[in-house]
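Below is one structure, written out as structure tokens, with a few remarks after it.
Every number for a ligand or one of its atoms is a count from 1 in the order of the listing.
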Amino acid sequence: MVKVGVPRALSYYRYFPMWKTMLEGMGAQVVVSEPTGRVLLEEGVRHCLDDICVPVKLFFGHALSLKDKADAIFVSRVVSVEKGDSDTYTCPKLIGLPDMVKGSLDGLPPMLEFVMDVQNRSLKASVKSLAATLGVPPSSAKNAFESSLEVQARYESELLRGLAPGAAMSKVLPDGNGSRGSEEARDTSFHRDPLSIALVGHDYLVHDSFISHDLPSRLNKLGAKAVLMSEVPDSVIEKETARYPEISWSYEKELLGAASHFLGRPDIDGVMMVIGFACGPDSIIAEIIAREVRRPESPPLTTLVLDEHTGQAGVATRVEAFVELIRRSRNKR
Ligand code: SF4
């Protein structure tokens with residue numbers, strides 16, 4: 001049985017239930033890299049150009065950590081995820097990820113590239129070419145694809161219910177394989193005056209406990225419930241983004257729509273943008289949110305920038321100060 005390594009980074013947080021079900025349905029054994037740690041991050045940083053965002057550096061580290069554990073490494077090329085009249089794409093790093101891996105990392109097992117480009121190519125066609133590479137007959141590939149869509153739909157409904165990716169994966173996959181940490185961040189019952197703080201940021205930043213320094217749990221310990229943007233339905237995102245100039249990056253549109261939604265919700269006490277240093281799309285969208293989306297009556301908004309140099313003390317100070325500011329302004333009302 002071929003062992004396929006899946007790096008626990010980038011699109012893993014969004015699509016792993018689909019990928020795992022599909023690969024296993026094609027007879028592969030799936031091996032996921034361990035959650036991020038210091039050594040893995042340093043390896044990723046060492047093999048990446050300085051001015052690349054930290055999520056890509058993490059991807060490199062995760063891919064390298066699978067070097068001797070898998071016969072092939074699964075790398076997605078996520079080009080477009082929205083079918084529609086307008087041209088929308090993901091970010092250039094997600095589009096060029098297989099090329100960056102090929103160009104920068106030596107000695108990896110062969111790459112299994114999986115293309116997601118719904119504007120130009122059906123997912124079925126991508127599954128067929130993956131099956132052909134694995135030597136799987138079309139009938140098995142078809143069954144694997146159908147099951148994978150069903151598991152992915154269940155995963156997405158768990159996210160909509162407010163579960164973090166790790167907890168949602170544990171619900172829909174027989175042996176879990178989710179990331180640890182964020183799902184523990186939901187109980188604020190011990191606190192007399194719990195706050196609700198919305199986290200607006202890519203799930204590969206917010207839910208990588210190492211790089212976000214356990215952000216959701218940290219808020220929880222301070223008596224604040226972390227409200228995740230994955231619980232905002234697509235229909236709400238669409239409605240919110242229609243109020244602003246068109247954005248061509250699909251995932252940034254989600255950030256904009258979620259921020260606009262949370263900044264107008266009376267039960268949200270504060271909004272924290274979580275962005276990656278050296279991320280062009282994030283820095284533009286964070287500016288638009290701060291200048292154009294935030295209204296005078298909106299709850300407080302802050303931005304937390306994460307990179308490989310961000311220390312735990314820095315995150316702790318920012319988060320504590322934000323929670324304290326919200327609590328004080330609440331007491332004055
Ligand atoms: S959106 Fe930003 S953080 Fe995410 S992969 Fe692209 S450049 Fe990196």
Distance alone, cut at 3.5 Å: any donor-acceptor contact between the side chains of [X] and [Y]?
X	Y	value
His213	Thr310	no
Ser248	Tyr89	no
Ser196	Asp267	no
Gln119	Thr88	yes

Checklist entry - Close to atom 6 (Fe) of ligand 1, meaning under 2.8 Å, how many protein N, O or S atoms are there? => result 1
Checklist entry - Taking the inter-plane angle between the rings of Tyr204 and His202 on a 0 to 90° scale, is it parallel (under 30°), tilted (30 to 60°) or perpendicular (over 60°)? => result parallel
Item to check | Any Trp249 heavy atom less than 4.0 Å to ligand 1 | outcome: no
Item to check | Salt-bridge criterion met for Glu34 and Arg8 (N-O under 4.0 Å) | outcome: no
Next on the checklist: If you apply the rule side-chain contact (heavy atoms from CB on, under 4.5 Å), what do you find for Phe277 with Cys53, and how did you get there?
Outcome noted: CA-CA 6 Å; Phe277 182 73; Cys53 63; over 6 Å; no
Item to check | Top protein contact for atom 4 (Fe) of ligand 1, by heavy-atom distance | outcome: Tyr204 OH, 2.2 Å
Next on the checklist: So if I count the atoms of ligand 1 from 1 in the order they appear, which ones are less than 4.0 Å from some heavy atom of Glu252?
Outcome noted: 1 (S)
